[in-house]
Structure formats: structure tokens, C-alpha cells
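This report concerns only the one structure given below.
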Amino acid sequence: MIAPSSSPRLSRFAGIAVRCVATVAMGLNARWRAFYGRRTARQLLELDDYMLRDIGITRGDVHAALSSPAPTDPTVRLRILAVERRAGRRAAQREAAAETGLLDALLESRRASLPAKDSKAPTRAA
């Protein structure tokens, strides 16, 4: 029997078809994630302000994220806002600690609790 040979034109067509299907699938996946993220963000509006503060966002953050264009996922923006807010709080705490001298006292107490490092190796008496 003679084995069928694949023509270059057919393999080129198959490659283009695979890329087209992959592109459509990625687009549909992005749309689905955006739809699901919008639904999740709208559910966040049902929480009270104390719960939102525990998450690290405000009601205004949720409204601002939902006002973004339709195909974008608002939960990505909410995640960024929460991380930035936590980093800002930590930086403010560090600055306050440095101003009051607590940071220096803490570092000094940690240094004191570490074992001393000798530059010379211990020698044994013979």
C-alpha cells in the first residue's frame, strides 16, 4: 500500500486553523473570567463596610472597579488596590516606629539576642 503524503498546503492550513481556534478559545476564556469577576464584585457590594475593610477594600473601590470597561475583570483592580493599601499601611507603621525610636530599640534587642560571632576560631588547649 501507498502511504498518503501530507501536502505542505494542508499542514499550513491545519496550523492556521489551530491558531484560530486557540485565539477564539483564549478570547472566550477572558470574557468568561471578566463576566465571573463582575458578578463577584457585585456580590462584594452586599457585604457591610467592616467586612470590606477586613478584605482591604472600600465600597468606593468596588464601585470604581465596576465602572471599568465591560470586557475587563474588576477583581484584578480590587486585588491591586488591596495590596497597595496594605503596603501603604506597613510603610506608615515603619515610619511611625522609626520616628518614635521603637524600630532602633527592636533592632538592638534582636542584635543582642543573637549569639556573638568571633572572628577567631576557637582553639583547643593541648
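We use all heavy atoms of the structure for the numbers below, so side chains are in, but hydrogens, waters and symmetry mates are not. The first residue in the sequence is number 1, and the count goes up from there.
- Enclosure of atom CZ in R59 by more than 12 non-hydrogen atoms of other residues, nucleotides or ligands within 6.0 angstrom is indicated.
- Between atom CE of residue M51 and atom CD1 of residue I55 there is a gap of 8.5 Å, rounded to the nearest 0.5 Å.
- I80 and I57 fall into different hydrophobic clusters, where Ile, Leu, Val, Met, Phe, Trp and Tyr are joined by side-chain heavy atoms under 4.5 Å apart, directly or via other members.
- The side chain to side chain contact (heavy atoms under 4.5 Å, CB included) test with T72 singles out one residue from R33, R38, R77, and that residue is R38.
- Atom CG of D48 is separated from atom CZ of R53 by 9.5 Å, given to the nearest 0.5 angstrom.
- Smallest separation of non-hydrogen atoms from P71 and A34: O-CB, 3.3 Å.
- In this structure Y36 satisfies the ring pair (Phe, Tyr, Trp, His ring centres under 6.0 Å) test with no other residue, sequence neighbours excluded.
- When all heavy atoms of A41 and V62 are compared, the closest pair comes out as O-CG1, 3.4 Å.
- Grouping Ile, Leu, Val, Met, Phe, Trp and Tyr residues whose side-chain heavy atoms lie under 4.5 Å apart, directly or via other members, places V24 in a hydrophobic cluster with L28.
- If you take OG1 on T40 and CG on L45, they are separated by 11.5 Å, rounding to the nearest 0.5 Å.
- Once rounded to the nearest 0.5 Å, the distance linking CG of L44 with CG of D61 reads 10.5 Å.
- Minimum interatomic distance between P74 and A65 (heavy atoms only, all atoms of both residues): CB-O, 3.4 Å.
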